[in-house]
Amino acid sequence: MTDGARSATTPGRTPREVATHCPYCALQCGMTLRADDAGVTVHPRQFPTNRGGLCQKGWTAAELLDHPERLTTPLVRDLVTGALQPASWDTALDRVVAGIRAVQHDAGRDAVAVFGGGGLTNEKAYALGKFARIGLRTRHIDYNGRFCMSSAAAAGMRAFGIDRGLPFPLADLGRADTLLLVGANPAETMPPLVRWLTEQRRNGGKLIVIDPRVTATARQADLHLQPLPGTDLAVANALLHIALTEGWVDRAYVADRTTGFDAVRRGVAAWWPARTEQLSGVPVADLEATARALGTGGRVIILTARGAEQHAKGVDTVTAYVNLALALGLPGRDGSGYGCLTGQGNGQGGREHGQKADQLPGYRKIDDPAAREHVAGVWGVPADDLPGPGVPAYQLLDSLGTPGGPRAMLVFGSNPVVSAPRAARIEGRLRDLDLLVVADLMLSETAALADVVLPTAQWAEEDGTMTNLEGRVLRRRALRPPPPGVRTDLAIISDLAARLAATEATDADPAGVRPAAVAAARFPADPATVFAELRRASAGGAADYAGISWDRIDADDGVYWPCPTEDGPDTPRLFADRFATPDGRARFHPVDHRPAAEQVCATYPLHFTTGRVLAQYQSGTQTRRVAALRRAAPEAFVELHPDLAARLGIDDGDPVRVTSRRGEFRAPARLSAGIRPDTVFAPFHYAGAGRANSVTNDAVDPISGMPEFKICAVRVEKA
Ligand code: SF4
């Protein structure tokens with residue numbers, strides 16, 4: 001029996017200890033929660049990914065359970081005073097349903113949109129997608145995961161035919177002879193992962209980091225390449241250029257397991273090292289040393305993260321590193337491969353089960369007739385009733401309240417007022433809605449704009465599953481029920497579906513009683529029931545969960561998808577024999593460097609890039625309210641090189657203003673020799689005057705819809 005099995009809920013009695021996972025990032029560190037008279041405490045737990053480690057965010061996660069700012073009653077905006085006022089659930093839900101009905105009556109079903117989050121459990125992501133498609137019958141649903149790793153997902157799909165962040169267990173990192181991290185800073189974003197990097201170097205491996213800043217991770221590297229933001233793609237092409245020149249390409253692998261190499265070979269011929277140095281600033285010697293370590297290492301792993309992916313050419317940039325990995329024969333080779341470090345807690349599972357505008361559960365495409373038939377069959381509706389694809393997150397947010405765009409939106413577990421690019425514009429769009437409904441545990445900046453706020457349960461108060469960065473499906477276990485006045489997201493979806501159905505009175509059932517009962521049955525609030533249905537809906541899809549039961553997760557420290565049968569194996573390692581393409585071969589795609597969407601100029605002469613700090617998470621709705629985290633990272637800052645600061649007359653700690661064509665934000669200067677003199681950096685976790693996303697660019701990748709968070713043009717002045 002595993003640690004987790006002790007947590008089985010006894011009806012009528014609250015368990016005092018459960019084995020669960022951290023509520024935050026995609027590492028999903030194992031932790032034990034204990035409740036005693038002093039409150040709830042977090043204890044690290046041995047789990048294969050974190051091996052007993054937790055970062056400061058995980059250690060302090062329980063502080064939010066009884067936080068004084070926690071929402072414990074619905075809030076409804078008073079139509080006279082304009083203020084949010086406490087209300088009963090009946091009043092709040094009636095207001096939501098009346099608003100939805102009015103908007104859809106006036107402007108059609110697509111006038112209501114749904115916006116989800118990469119922190120929602122698989123069950124919630126599934127239920128939310130289903131609710132949008134057959135409860136509201138709108139095509140408009142997307143989620144904040146679009147801002148996280150959609151570029152890597154799209155690149156993985158087109159190269160490998162499948163999108164799983166890591167196609168191998170995390171433990172493989174510790175065995176790699178060469179590990180290349182591109183735009184990844186796990187020492188700050190997921191510190192327990194650094195154990196694997198330490199082990200790798202203890203085993204004699206070489207760690208190489210590509211990042212425009214000397215990050216905490218870069219400081220540990222054997223070699224750090226510091227390119228100009230937005231030139232990662234050119235660097236990858238140069239590395240492949242060198243590998244070709246030196247004869248390090250695995251020609252047998254390329255011939256046997258891939259298609260399309262010739263076009264890539266011709267394309268990278270133009271990226272000789274000296275040209276790449278001129279563009280990126282990475283010295284030729286460093287390019288050659290990196291290519292040598294990759295081309296002559298035994299076990300070699302290449303990982304990308306947001307630094308490479310959050311660009312208007314993010315898909316092509318990731319593709320360039322996938323091309324490099326394929327040319328070296330890495331994917332599917334034991335101990336080697338390409339992977340992406342997922343960011344949000346359920347960034348992986350959140351995009352597999354229907355929150356994405358173009359997807360149905362099981363990573364099915366919503367425009368695939370066979371996929372529609374299958375999922376509609378599970379949902380008990382005709383396939384023709386399912387709407388078609390919606391639009392990616394930024395496009396959706398930017399259309400709110402505009403002619404032809406949605407006039408109402410339901411937000412679950414997301415805070416786009418802080419996390420969206422060009423955030424002031426999106427804030428304005430949200431204000432233009434006829435109806436904004438936000439389900440959250442705190443009054444986030446987005447919730448503060450809402451017409452109705454619905455208080456939701458926290459991670460320690462709900463059961464469910466999460467899928468970590470390895471594609472390993474994990475159990476989230478409830479320690480205690482939600483406090484009085486608070487409901488789970490699943491219960492809210494179920495309640496809304498029933499009320500919507502009840503207002504659809506028919507001639508045969510004028511009171512709408514029967515439709516409400518049917519709707520409640522279709523949208524159960526019990527996560528185990530939802531997961532059982534999710535398994536059926538995903539069966540046969542790329543992300544096949546059919547063979548994954550909660551018992552099996554408990555017994556096996558998680559189960560890797562795809563896992564089609566209960567008595568068959570799961571899949572810790574993908575691609576050993578074939579790729580998930582029709583012919584089983586991986587596909588090269590020629591990609592070329594192109595400039596960032598916005599160039600520096602006389603008015604905006606500096607490159608601006610954003611990122612994270614250890615003590616904060618995403619838009620900070622949770623972590624900015626934890627005292628220890630607030631002390632550690634209380635406010636935004638603007639990191640700039642001392643030479644640049646001297647030129648601008650700025651001292652360390654001076655308040656500075658960062659201005660782009662879209663807006664400005666203010667924060668204290670933090671001088672660091674670890675950043676290029678032509679680039680400034682700020683963390684994006686903060687709201688108000690320190691909101692870095694006030695200046696970021698809303699140009700998006702044409703394939704993934706990923707906004708260009710990582711580079712735009714700004715000027716910096718003493719404020
Ligand atoms: S935030 Fe991430 S790294 Fe930190 S404890 Fe939680 S899961 Fe682990």
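Every number for a ligand or one of its atoms is a count from 1 in the order of the listing.
- In this structure E461 satisfies the salt bridge (Lys or Arg N to Asp or Glu O under 4.0 Å) test together with R70, R480, sequence neighbours excluded.
- Within the protein, the number of N, O or S atoms lying under 2.8 Å from atom 8 (Fe) of ligand 1 is 1.
- Sorted by first and then second residue, the side chain to side chain donor-acceptor pair (under 3.5 Å) pairs involving residues 680-696 (not counting sequence neighbours) are E427-R691, R691-S694, N693-T696.
- Other residues, nucleotides and ligands place more than 12 heavy atoms under 6.0 Å from the CZ atom of R535.
- With sequence neighbours left out, E199 forms a salt bridge (Lys or Arg N to Asp or Glu O under 4.0 Å) with R51.
- At distances below 3.5 Å, at least one donor-acceptor pair connects side-chain atoms of Q28 with backbone N or O atoms of C22.
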F608 and F665: CA distance, side-chain angles, deciding distance, ring pair (Phe, Tyr, Trp, His ring centres under 6.0 Å) verdict: CA-CA 12 Å; F608 176 66; F665 75 95; 5.7 Å; yes
